Amino acid sequence: MITSRRMAAVDLNAESLGVPRKQLMESSGNAVARACRDLADPGSTVAIVAGRGNNGGDALVTARFLKAYDVTVHLLGRPETISTDIARENWDALVAAEADVRTVTDSADLDLGDPDVVIDAMLGTGVTGALREPEATAARAINDTDATVLAVDVPSGVDADTGEAEGVSVAADHVVTFHDDKPGLDALDCEVTVADIGIPDAAELFTGPGDLIALGRDSQSHKGDHGDVLVVGGGPYTGAPALAAQAALRAGADLARVAAPEHVAREIQGYSENLIVSGFSGAHLTPDHVPDLLELAADRDVVVFGPGLGDADATLDAVGSFLADFDGTAVVDADALQVVPEVDTDATLICTPHQGELQKMGGETANDWDARCELVRDFAGELGHVLLVKGAYDIVSDGDDVRVNRTGNPGMTVGGTGDVLAGVTGALACVLPPLDAAAVGAYVNGRAGDVAVEEFGGGLVATDVLNRVPAGLEVDE
C-alpha cells in the first residue's frame with residue numbers, strides 16, 4: 001500500500017536510479033491495454049478520455065497497444081497544453097500514425113458514442129479536490145454510458161488516499177493502478193488490478209530527489225507556517241546548539257530559538273543575529289530548569305534536544321524529566337540519547353545516534369548496511385520511536401518501514417555535522433511525518449556535504465555543510 005505523495009516520490013526516485021519516466025509510461029500503458037483486452041473482445045469499440053498530464057499519457061500509450069480494437073482518443077484540451085514532454089510525444093505518435101484522435105476544447109462537445117469500454121485517464125493519484133471543467137462534464141458523460149469503465153491508476157475525482165470524492169467522480173468498474181495498491185481504492189466498489197511497471201525496490205528503500213517533493217511551499221503561506229524550532233543545548237559546548245539552530249533555519253524553519261545556560265547564551269547569540277536565544281541560570285541544564293523549558297517548548301512545533309548539553313548526571317536527569325512530561329515532537333541527539341530507552345513518554349521522538357551512541361542506547365549494529373537495516377528496524381520497534389542511525393549508509397526506521405540514505409562522504413566525519421543534521425531534521429519534522437523528516441533530513445544533510453566537498457575537497461568543517469543545506473533541498477528533475 002502506498003500513498004499518492006509517496007508514489008510521486010518513488011516515481012522520481014526511480015528516474016534518478018536510471019529508469020526513465022518514459023519507460024514507466026510505456027509499461028503503464030501496456031498494463032492498461034492488457035486489462036482492456038481482458039474486458040472486451042477484439043473488434044470492440046474503446047473510447048479513451050485523456051487528460052493532459054502523465055495519467056493521460058499512460059492511456060495514449062494504451063491506444064497504441066490496442067491495434068485489434070476500434071479506438072477513439074478524446075483529449076480534454078488543446079494538444080499544445082499537454083503538460084509533460086513524454087505525454088506530448090505519445091500524442092504526437094498517435095497523430096503521426098493517423099489514429100482516431102479528437103480534441104475536446106468545449107466539454108459540452110464531448111461525444112463518446114456507444115463504446116463497449118471507456119478508459120478514464122483524465123486525472124491521476126496526485127490530484128485531489130472536486131473535479132473542475134472540463135473533467136466534471138466528462139465524468140458525467142462517462143457515467144451516462146452503458147460501457148464498462150476502466151480507470152487508469154484511480155477513477156478521476158476520487159482521492160486515492162481516502163477513496164472519497166468531493167462532488168462528481170467517475171464510477172469505474174475496473175481500476176488498473178501502478179506499482180502498489182493505493183489506500184483509497186479499497187473503499188471503491190470495483191475490481192482493482194495492481195500492475196508491476198518496473199519500478200525497482202530501491203526507489204522506495206533509498207532516499208532520492210523524489211523525497212523532496214513534499215517540501216513545496218504554498219505561495220500564500222505566512223511566517224510560522226513552516227516551523228518554529230527550539231534547540232535545547234549548550235553548557236559545555238557553544239557551537240553545537242548554534243549549528244543546530246542555524247541548520248533549522250537553512251532547512252526552512254521560519255523561527256529558530258535556543259535555550260542554553262546564561263554563561264554561554266551571549267556567545268551562542270553571537271554566531272547569528274537570526275537566532276532567538278534564551279538563557280537559564282547555572283552552568284548546565286538541571287531538573288530545576290525543566291518546568292520553564294516545558295512552558296517554552298509548548299508553543300514550538302519541534303524541540304531539538306541535546307546538542308552541546310554534555311553528560312553531567314543532573315543534565316541527564318533533566319533530559320529524562322523533560323521527555324517524561326513532554327507530549328510534542330522532539331529530535332534527540334548527542335548525550336541526551338542515552339536517556340531515551342529509560343523514559344516513558346508520550347512525545348514523538350526522532351533519535352539521531354551514530355553507531356556508537358546506538359550501542360550505548362542498547363541497540364545493535366553491523367558492518368553490513370543491509371544487516372544493519374533489520375537491527376535498526378527491530379530496535380526502533382522496541383523503543384517505539386524513529387531512529388536515524390548515522391553512517392556511510394544512514395539507516396532510518398520507525399519499527400515498520402526502513403529507508404536508507406546514501407548521500408554524504410567521509411569528509412563529514414568532522415565534528416558538528418551531526419548537529420547540522422539534528423537541526424535540519426527538526427525543521428523538516430515541522431512539516432513532514434517523523435519517518436519522512438528523518439529520511440529527508442539525512443538526504444539533505446548528505447547532499448549539502450557532497451556539494452561542500454566538491455567545492456572544498458575533503459577538508460570540510462561543519463559550517464561548510466551548514467551553508468550548503470539549501471542546495472541539498474533543491475529538487476533535480
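The shown structure was predicted, so the numbers you read here are calculated from the model rather than taken from an experiment. We're numbering straight along the sequence, starting at 1.
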Using side-chain heavy atoms (C-beta onward) and a distance below 4.5 Å, is [X] in contact with [Y]?
X: T177; Y: V154; value: no
X: M1; Y: D186; value: yes
X: E15; Y: L12; value: yes
X: V61; Y: R64; value: yes
X: L212; Y: V440; value: yes
X: N30; Y: I197; value: no
X: D436; Y: R403; value: yes
X: D116; Y: Y69; value: no

Interatomic distance, [X] atom [atom1] to [Y] atom [atom2] [nearest 0.5 angstrom]:
X: D109; Y: R102; atom1: CG; atom2: CZ; answer: 12.0 Å
X: L76; Y: S107; atom1: CG; atom2: OG; answer: 8.5 Å
X: C36; Y: H174; atom1: SG; atom2: NE2; answer: 10.5 Å
X: D100; Y: H74; atom1: CG; atom2: NE2; answer: 7.5 Å
X: D464; Y: N467; atom1: CG; atom2: CG; answer: 7.5 Å
X: I276; Y: D228; atom1: CD1; atom2: CG; answer: 7.0 Å

Handout entry: Check ion pair D85-K22 (N to O, under 4.0 angstrom)
Key = no
Problem - Salt bridge flag under 4.0 Å for residues D211 and R6 - result: yes
Practice task
Begin from the C-alpha positions of S397 and L387 and carry the test side-chain contact (heavy atoms from CB on, under 4.5 Å) through to its verdict.
Solution key: CA-CA 5 Å; S397 182; L387 283 174; 5.6 Å; no
Give a yes or no on whether the backbone of [Y] and the side-chain of [X] come within a donor-acceptor separation of less than 3.5 Å.
X: N143; Y: S169; answer: yes
X: N13; Y: G210; answer: yes
X: S27; Y: Q23; answer: yes
X: D173; Y: V149; answer: yes
X: D58; Y: G29; answer: no
X: N54; Y: T84; answer: no
X: R88; Y: I82; answer: yes
X: T417; Y: M412; answer: yes
X: N409; Y: G449; answer: yes
X: D394; Y: G391; answer: yes

List the atom of [X], the atom of [Y], and the distance in Å for their closest heavy-atom pair.
X: A442; Y: N405; result: O-ND2, 3.1 Å
X: A33; Y: F65; result: CB-CB, 3.5 Å
X: D225; Y: D254; result: N-OD2, 3.2 Å
X: G441; Y: V424; result: CA-CG1, 3.9 Å
X: V475; Y: I213; result: CG2-N, 4.5 Å
X: V404; Y: C373; result: CG2-SG, 3.6 Å

Is it the case that the side chains of [Y] and [X] hold a donor-acceptor pair, with the cut-off being a distance below 3.5 Å and no angle test?
X: T3; Y: D161; result: no
X: T128; Y: D159; result: no
X: D333; Y: T352; result: yes
X: D450; Y: T407; result: no

Practice task
Apply side-chain contact (heavy atoms from CB on, under 4.5 Å) to the pair M7 and D153, showing each step before the final yes or no.
Solution key: CA-CA 11 Å; M7 187 65 226; D153 218 7; 5.6 Å; no
Is it true that, when you exclude [X] itself, more than 12 heavy atoms of the residues, nucleotides or ligands shown sit nearer than 6.0 Å to its [atom1]?
X: E80; atom1: CD; value: yes
X: D144; atom1: CG; value: yes
X: D189; atom1: CG; value: no

Problem - E135: which of V168, V49, L123 passes side-chain contact (heavy atoms from CB on, under 4.5 Å) - result: L123
Exercise for the section: Check the pair I142 / L112 against side-chain contact (heavy atoms from CB on, under 4.5 Å), numbers first and verdict last. Expected result: CA-CA 8 Å; I142 291 171; L112 297 177; 4.0 Å; yes
Exercise for the section: Check the pair V389 / W369 against side-chain contact (heavy atoms from CB on, under 4.5 Å), numbers first and verdict last. Expected result: CA-CA 11 Å; V389 181; W369 69 267; over 6 Å; no
Practice task
Measure up the F206 and Y393 rings against each other and bin them: parallel (under 30°), tilted (30 to 60°), perpendicular (over 60°).
Solution key: perpendicular
